[in-house]
Protein chains: 2
Amino acid sequence: MKLIPFLKHTAYEMRRWSLLMTTNAGSGHATSSLSAADIMTVLFFYAMRYDPKNFNNSNNDRFILSKGHAAPILYATWKEVGQLTKQDLLSYRSFESVLEGHPTLRFPYTEAATGALGIGLSIGAGEALCAKLDTRSYKTFVLMGDSEVSEGSIWEAAQLATYYKLNNIIGIIDCNRLGQSTPTMEALEGDGPERFKKMFDAFGWHSEIVDGHDMQSLVTVLDEARANADRPIMIIARTKKGYGVALMEDKEGYHGKALKPDQEKIALEQLREKFADAASYSDGYQWNPKMPGVGKESKKQIIEMPLSAYKKGEEIPTRKAYGQSLVALGGVCEQVVSLDGEVKNSTYAELFEKAYPDRFYQCFIAEQNMIGMGIGFNRRGFIPFISTFASFFSRAHDQLRMAAIGQASLRLAGSHAGVSIGQDGPSQMGLEDIAMMRGLPESIVLYPCDAVSTYKLVNEMANHHESISYLRTTRMATPIIYDTNESFPVGGCKVLKQSSFDQVLVIGAGVTLFEALKAHEELAKEGTSIAVIDLYSIKPLDVKTIISVARTCKNRIITVEDHYSAGGIGEAVAAAVSTEKIEVYRLAVTHLPRSGKPDELLADAGIDAEAIVKQVHSLRS
Amino acid sequence: MKLIPFLKHTAYEMRRWSLLMTTNAGSGHATSSLSAADIMTVLFFYAMRYDPKNFNNSNNDRFILSKGHAAPILYATWKEVGQLTKQDLLSYRSFESVLEGHPTLRFPYTEAATGALGIGLSIGAGEALCAKLDTRSYKTFVLMGDSEVSEGSIWEAAQLATYYKLNNIIGIIDCNRLGQSTPTMEALEGDGPERFKKMFDAFGWHSEIVDGHDMQSLVTVLDEARANADRPIMIIARTKKGYGVALMEDKEGYHGKALKPDQEKIALEQLREKFADAASYSDGYQWNPKMPGVGKESKKQIIEMPLSAYKKGEEIPTRKAYGQSLVALGGVCEQVVSLDGEVKNSTYAELFEKAYPDRFYQCFIAEQNMIGMGIGFNRRGFIPFISTFASFFSRAHDQLRMAAIGQASLRLAGSHAGVSIGQDGPSQMGLEDIAMMRGLPESIVLYPCDAVSTYKLVNEMANHHESISYLRTTRMATPIIYDTNESFPVGGCKVLKQSSFDQVLVIGAGVTLFEALKAHEELAKEGTSIAVIDLYSIKPLDVKTIISVARTCKNRIITVEDHYSAGGIGEAVAAAVSTEKIEVYRLAVTHLPRSGKPDELLADAGIDAEAIVKQVHSLRS
């Protein structure tokens, strides 16, 4: 059996590359790569079934490098697999290179963008669930560091993987003992791997401790993991940070530090000494990748939902319309799945669950993992619609940030936006969600005022595969003001009121649109005319229409929003027209709200019809 | 022994009030209150040592209602304790009342604002750590729901509590089986309490399962918990949601639902029937609160750090200056503690650790818990400075939101802001932190460009007790431009360049301030004059100065920031001057950045000196 010497040689090469890349770049994570070298070798050259020449074969086993800072070892792996050149490796961390400091989707051989820790296991859980839904036999492997096990998101994923009986996910913890600035908690308090084993076992996983630098042990444990799984598996690998290079092996102070060229020379010698056999290997073992069958690929098609049956004047909360729209969408597109954070009766995701129970995933109160799983679903070709209270998406802000970096096209629906939710009080009010979602690169932020526009926008989201899209919905019922055949292109807005005598343009969205319409009516009684725009698309913003209407309104705009002022509609509009000599008056929530009736709270925040009227009156005519 | 009948009667009364309050309000969480009634009774009328008439006695045992939706039972408790009237209770959820839907700090008898789940245990861990630091003997009790145990933050807190050997924290899980829309994962898969016990035991806690409706069992288990703790204790109470009211007991569909008046009538009858003895109790047991000694109170004093010894022209990263400032601050104020998320060698919190090891808390890679613990520290009179990468505060956005609702004056320092960190790539770049922090109600956002201003602003933050303050620091070294005795009041800015011939006002901050200064120099060579402001205080914004300088610059402003445009400096400025007929041109990061050298990335983002010069040239003169 020549496998082991081959693996040892390959790991040696990957270690060597890890040193060369980091020293050449002048920065990077050499020691974190060295501890993982043997694991990576056994995974990619023995355990995993994948087509090295077709990364996107949908039957390939999946691999997620949750400890994204160990990017060098991922890149070195793909060099050894045959897909990268030496020159590619030496471009690591340079501006023109796709081999970034932490993997992003620009690198064609990564399953996910990683670098914020503790997220990979959730992404992997999502992909493992996809395999079940899609009846594919691929396994999902997730390599974590031991420091990141302190992230709560890991334990959310651990609970959910057990709940969903994911016997097709194999986690591996590279237990090298040392974090960036200190040993891990577990290592400080005892035997880290033993403690982790206890913890994962208690969470319903089957876990095994293994010597992470012993090739044969890794081969054996991965064989067993593949064969016997009746539950999720965690392999806890005892490793040493910087393994193989005596000058930094198992030593503090070497995290994320590249060796200087003179140190590198010594390190390469130490490496050669340590792995003398592997270094001089010349055995000519023929690696035959274990190929999976070619998977069927799902094609993206334009999704067209049937016309809705809503009637003008009917009062329906947009959150309910969201649930109804999702059902209609599910009927015309099998790739749509719904993930909900244990508020399905509030977000109305329960309607989808009722219609398509097999495509509904209860994610319980664990929003970070829900977003991570969503990334996994999206990567495997599904169209995940993910819902919870708008406020609770803040729980997963970092995951959303990483989803955006990873170019995942998650569809998000946040209900219970703003003070208009009423009595539940500030902790349940989404008042920073617009700012948060606008801040995700390339994102789309939508905010319908009625059921018809909700329905149409859900259809728009389904067809938007380029980035994260967010739909903000309202708790209270609002009347339907649009015809069912009205169209709502992303990046548009609706000019609802306009005349030749308008004193100002009032821009509302969602619940405040109706306050704007009320104000329009009130003001009309006294002979004052205002234009009103329904800003259903907050990002992208229809700047052209806004400016052209404002021009007919004495170059004055009032924005009114059920959201904090920072990063909200008012700031977006003010910034967009900031070189146009247009005045923008902003009504937004500026102090901490409290419990009360919706109308009391809209009044208290100064975002109701009365406040708009007052603002209009205060303008110099 | 008349204790038990007294407790039963009290619990009966509290259940009754829970029903009356919710039905009167027309909304609220009756069933979640009923499951917890017995636990709350034993805690407040037996187990806890506190002065019912002096909530702020610093030696009181602390109680945190992590399951904040069960607010009615908290309010009912304080009615029975004697601090609230029937009228107070019946004001629950009304606009004028401090008895909000979920507890906020407006209610004088709550330890924390809760309502976003899974945060209470972290706050409690912080308070328990305070007791150790402050050598106080109080115990900290945290009541959780079983649904919220799925939140990863719980498991972060569980790990940290074990690490810090918190034998003075007692968690209680109200295992009523049912969440908002579904049973818990654990209940769906087996015996919830048994599973939780395994999980907490594996995390190093001592846990006990108890009948949560058996007064004597609760008394016994709490006695033991108090006496024998060598580690954190978790009491897992088997309860029934809606316990005592047959029509909704242990039934799905009753979460967060108030009974209608006719249902209430039946419910009150069922309650009286179920607890016949307790209802007709007339035993006159004299409750004698177990009073703690009166604790020494720490007084807030104006903190004045000695002058720094920085020298103009010296190059020091502001992140390093942060660490140095913290050391100086620690020397003049004992209440200052430092919490760091396992990046102390990057944020330079390690300097504080070296100087004051007893007041430094390593929070490992668990940012959510770190913020929660910070809330606890703050509530117990300490001044927590909490540091990690700017980007990783997004991990704790929900906790920060709740901290703001809870009026906690956390001091946050986010390092590695912006694309200027360079090679590590987008996952490590804080590019949404300004937006996130500006969005916290009443928050303060500071962004120094050099070591002197960093030092002064840290002093300002130390004296700011009213809300969250945030300091944004830079990875790379920047030259010191200020005299050590310069003052930097919050809400101010520095006009660094101004002449009678300025074509435009350029506003920079942090790393872009130097780009603005470079542009000033370049443009001067060709005879073009620009004003330059250092916007070290982003919130509050010195609108007055900005406008008055802009007036002398042809009413034109260019903002330049190492941050995404949404909710950043440009939008803040554009919005602030939006009715002033001032043009604002915004240079910000508008696309997903990548790895590269800092100067390459500043250029690529269009936020370097060259981009400013180009923007100035493009202005019509």
Side-chain angles (χ1 to χ4, degrees), chain A residues 27 93 95 100-102 115-117 147-148 150-153 155-156 159 163 179-182 185 198-199 202 342-345 362 364-366 368 394-395 397-398 401 405 423-428 432 435 438-439 441 564 566-567 570-571 574-575 578-579 581 583-584 592 594-596 600, chain B residues 27 93 95 100-102 115-117 147-148 150-153 155-156 159 163 179-182 185 198-199 202 342-345 362 364-366 368 394-395 397-398 401 405 423-428 432 435 438-439 441 564 566-567 571 574-575 578-579 581 583-585 592 594-596 600:
Chain A
S27 67
R93 284 181 167 244
F95 182 68
E100 300 193 64
H102 296 73
L117 291 167
S147 280
E148 68 176 308
S150 48
E151 285 286 14
S153 50
W155 300 103
E156 294 182 2
Q159 279 170 284
Y163 176 74
Q180 169 173 331
S181 70
T182 169
M185 271 184 283
K198 250 189 175 168
M199 292 155 74
E342 225 279 67
V343 284
K344 65 185 181 192
N345 50 348
Q362 180 51 266
F364 298 93
I365 308 180
Q368 297 189 78
S394 65
R395 196 62 159 260
H397 190 169
D398 199 21
R401 194 177 69 85
I405 293 174
Q423 288 83 350
D424 270 340
S427 66
Q428 317 295 299
E432 53 290 292
R438 286 183 63 232
Y564 287 138
E571 290 197 353
S578 65
T579 59
K581 302 202 193 302
E583 292 174 22
V584 181
L592 184 62
R594 61 193 304 149
S595 290
E600 289 172 329
Chain B
S27 67
R93 285 181 167 245
F95 183 68
E100 301 193 64
H102 297 73
L117 291 167
S147 279
E148 68 175 309
S150 49
E151 285 286 14
S153 50
W155 299 102
E156 294 182 3
Q159 278 171 284
Y163 177 74
Q180 168 173 331
S181 70
T182 168
M185 270 184 284
K198 249 187 173 170
M199 291 155 76
E342 225 280 67
V343 285
K344 66 186 181 190
N345 51 347
Q362 180 52 264
F364 299 92
I365 308 181
Q368 299 189 79
S394 65
R395 197 61 160 260
H397 190 170
D398 199 21
R401 195 177 68 85
I405 292 174
Q423 289 82 351
D424 270 340
S427 67
Q428 316 295 300
E432 53 290 292
R438 286 182 64 233
Y564 288 137
E571 289 197 354
S578 65
T579 59
K581 303 202 193 304
E583 294 174 21
V584 182
Y585 299 84
L592 184 62
R594 60 193 305 150
S595 292
E600 288 171 330

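Here is how names work: the chains are called A, B, and so on, in the same order as the sequence lines, proteins then strands, and each is numbered from 1. Bear in mind that the values here come from a model prediction, so they are computed numbers and not experimental data.
- Nearest approach of Glu600(A) to Phe95(B), heavy atoms of both residues: OE1-CB, 3.1 Å.
- Considering only residues two or more places apart in sequence or on other chains, Ser394(B) meets the side chain to side chain contact (heavy atoms under 4.5 Å, CB included) condition with His397(A), Asp398(A), Arg401(A), Met436(B).
- Of the listed residues Ser27(B), Ala566(B), Gly567(B), the one with more heavy-atom pairs under 4.5 angstrom with chain A than any other is Ala566(B).
- In this structure a side-chain-to-backbone donor-acceptor pair under 3.5 Å is present from Glu100(B) to Ser595(A).
- With a 4.5 Å cut-off on non-hydrogen atoms, Gln362(A) touches chain B through its side chain but not through its backbone.
- Interface remark: Ser147(A) contributes backbone and side-chain atoms alike to the contact with chain B (heavy atom separation under 4.5 Å).
- Side-chain atoms of Glu571(B) never come within 3.5 Å of backbone atoms of Ala575(A) as a donor-acceptor pair (strictly under, hydrogens ignored).
- Heavy atoms only, all atoms of each residue included: Gly439(A) and Tyr564(B) are closest at O-CD1, 3.2 Å.
- Taking every heavy atom of both residues into account, Val584(B) and Thr579(A) meet most closely at O-CG2, 3.2 Å.
- Both the backbone and the side chain of Gln159(B) come within less than 4.5 Å of a heavy atom in chain A.
- With hydrogens and angles ignored, the 3.5 Å screen pairs no side-chain donor or acceptor of His102(B) with any backbone N or O of Pro426(A).
- Interface check for chain A: of the options Ser578(B), Pro441(B), Ser153(B), Gly101(B), the most heavy-atom pairs under 4.5 Å are formed by Ser578(B).
- Under the 3.5 Å distance criterion, the side-chain polar atoms of Gln423(A) are left unmatched by any main-chain donor or acceptor of Arg93(B).
- Rounding to the nearest 0.5 angstrom, the gap separating the CE atom in Met185(B) from the CZ atom in Phe364(A) is 5.5 Å.
- When each of Ala435(B), Gly425(B), Ala202(B) is checked for heavy-atom pairs under 4.5 Å with chain A, Ala202(B) comes out on top.
- Between the OG atom of Ser150(A) and the CD atom of Gln368(B) there is a distance of 11.5 Å, given to the nearest 0.5 Å.
- Taking Glu432(A), Arg594(A), Lys198(A) one by one and counting their heavy-atom pairs under 4.5 Å with chain B, the maximum is reached by Arg594(A).
- With a 4.5 Å cut-off on side-chain heavy atoms, Met199(B) and Trp155(A) do not count as touching.
- Glu148(A) places no side-chain N or O within 3.5 Å of a backbone atom of Ile365(B) that could act as its donor or acceptor partner.
- With chain B as partner, the option from Gln180(A), Arg438(A), Gln428(A) having the largest number of non-hydrogen pairs under 4.5 angstrom is Gln180(A).
- Remark: Glu151(A) pairs with Arg395(B) by the salt bridge (charged side-chain N to carboxylate O under 4.0 Å, His left out) rule, at least two apart or across chains.
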Trace of the side-chain hydrogen bond (donor to acceptor under 3.5 Å, both in side chains) decision for Ser181(A) with Glu342(B): CA-CA 6 Å; Ser181(A) 70; Glu342(B) 225 280 67; 2.6 Å; yes

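- Heavy atoms only, all atoms of each residue included: Ser427(A) and Ala116(B) are closest at CB-N, 4.2 Å.
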